[in-house]
Amino acid sequence: MELEKWYPLIKQIDDCFLALNGTNLPCPGDIKDRYKWLHEQANYSILGVDNSADSIFIYANQYALSCFKYTHEELLSLPSKLSASETNRAARAVLFEKVNQNGIVYNYSAPRVDKYGNSFTIHDAIIWKLEDKSGNVLGQAALFHSQKRESVS
């Protein structure tokens, strides 16, 4: 899969995060190709879903793919609700409603399921609206960690 084809979407995810959060997605300062690093080497998941009724995944970086255990092609055809177990889908829907109302939600942690039905927990998730330059909502994006991080005092 050609990395450059993902650059416009990664840029849009990053730009929307900046607009709502005040900073870009975390990335070491000495990286020459920021979008390549975010896609291939980030130590956290970046996901995007469209604005359809099923919220189909439209983007996943390599870290997210390793968490969910899907190939890129498999994940990009999957309704995002299937990333949560059936018992956790109602809470997930409430979260997405909060994002629609507030633009961004911080510090979300919840169980998710991989391709094989194995449960794992997402930690310190940030979920935000994806919008175009005219303010049209295109979907939502998420950043999450698969390991609980130490608090910094």
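Each residue takes its place number in the sequence, starting with 1.
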If every non-hydrogen atom of [X] is compared with every non-hydrogen atom of [Y], which pair is closest and at what distance?
{"X": "L65", "Y": "A60", "result": "CD2-CB, 4.0 Å"}
{"X": "S66", "Y": "K69", "result": "O-NZ, 3.3 Å"}
{"X": "P26", "Y": "W37", "result": "O-CZ3, 3.3 Å"}
{"X": "L75", "Y": "Y70", "result": "CD1-CD1, 3.6 Å"}
{"X": "Q12", "Y": "D132", "result": "NE2-CA, 3.7 Å"}

Only pairs under 3.5 Å count here: list side-chain donor-acceptor contacts from residues 79-86, not counting sequence neighbours, and write none if there are none.
from	atom 1	to	atom 2	distance (Å)
S80	OG	S55	O	2.9
S80	OG	R92	NH2	2.4
S83	OG	S80	O	2.6
S85	OG	T87	OG1	3.1
S85	OG	N88	ND2	2.8

Problem - Pairs where residues 8-34 contributes a residue and the test ring-ring contact (aromatic ring centres under 6.0 Å, His included) is met, not counting sequence neighbours - result: F17-W128
If you round to the nearest 0.5 Å, how far is [atom2] of [Y] from [atom1] of [X]?
{"X": "E131", "Y": "N136", "atom1": "CD", "atom2": "CG", "value": "8.0 Å"}
{"X": "I10", "Y": "I46", "atom1": "CD1", "atom2": "CD1", "value": "7.0 Å"}
{"X": "K129", "Y": "I127", "atom1": "NZ", "atom2": "CD1", "value": "14.0 Å"}

Problem - Co-membership, hydrophobic cluster, residues L47 and L18, 4.5 Å side-chain - result: no
Exercise for the section: Answer with yes or no whether the hydrophobic clustering places I58 together with V137; edges join I, L, V, M, F, W, Y residues whose side-chain heavy atoms lie under 4.5 Å apart. Expected result: no
Practice task
Would you mind listing every salt bridge (Lys or Arg N to Asp or Glu O under 4.0 Å) that reaches into residues 108-118, with sequence neighbours excluded?
Solution key: E74-K115
Exercise for the section: Return each pair, listed once, that meets salt bridge (Lys or Arg N to Asp or Glu O under 4.0 Å) where at least one residue sits in residues 8-28; pairs must be two or more places apart or across chains. Expected result: K11-D15, D14-R34
Handout entry: Residue that, paired with Y59, satisfies side-chain contact (heavy atoms from CB on, under 4.5 Å) out of L130, D50, L9, V49
Key = L9
Handout entry: Verdict with reasoning, F57 to S77, per side-chain contact (heavy atoms from CB on, under 4.5 Å)
Key = CA-CA 7 Å; F57 284 108; S77 65; over 6 Å; no
Handout entry: Centroid-centroid distance, F144 to Y108, less than 6.0 Å
Key = no
Practice task
Evaluate the side-chain proximity of H72 to Q62: yes if any heavy-atom separation is below 4.5 Å, no if none is.
Solution key: yes
Practice task
State, yes or no, whether a side-chain contact exists between F68 and S45 at a heavy-atom distance under 4.5 Å.
Solution key: no
What pairs of donor and acceptor atoms, side-chain ones from residues 94-106 against any protein atom, are under 3.5 angstrom apart with sequence neighbours left out?
from	atom 1	to	atom 2	distance (Å)
N100	OD1	Q140	NE2	3.1
N100	ND2	F96	O	3.4
N102	ND2	K98	O	3.4
Y106	OH	N21	OD1	2.7

Practice task
Would you please test L25 and L143 for side-chain contact (heavy atoms from CB on, under 4.5 Å) and show each step?
Solution key: CA-CA 9 Å; L25 291 167; L143 171 164; 3.7 Å; yes
Exercise for the section: Give me the ring orientation class for H39 and W6: parallel if the planes are under 30° apart, tilted from 30 to 60°, perpendicular past 60°. Expected result: parallel
Practice task
Check the angle between the aromatic planes of H145 and Y44 and answer parallel, tilted or perpendicular using the 30° and 60° thresholds.
Solution key: tilted
Problem - Pairing residues for Y35 by the ring pair (Phe, Tyr, Trp, His ring centres under 6.0 Å) criterion, not counting sequence neighbours - result: Y7
Practice task
May I ask you to decide if L38's main-chain N or O and N61's side chain share a donor-acceptor pair within less than 3.5 Å?
Solution key: yes
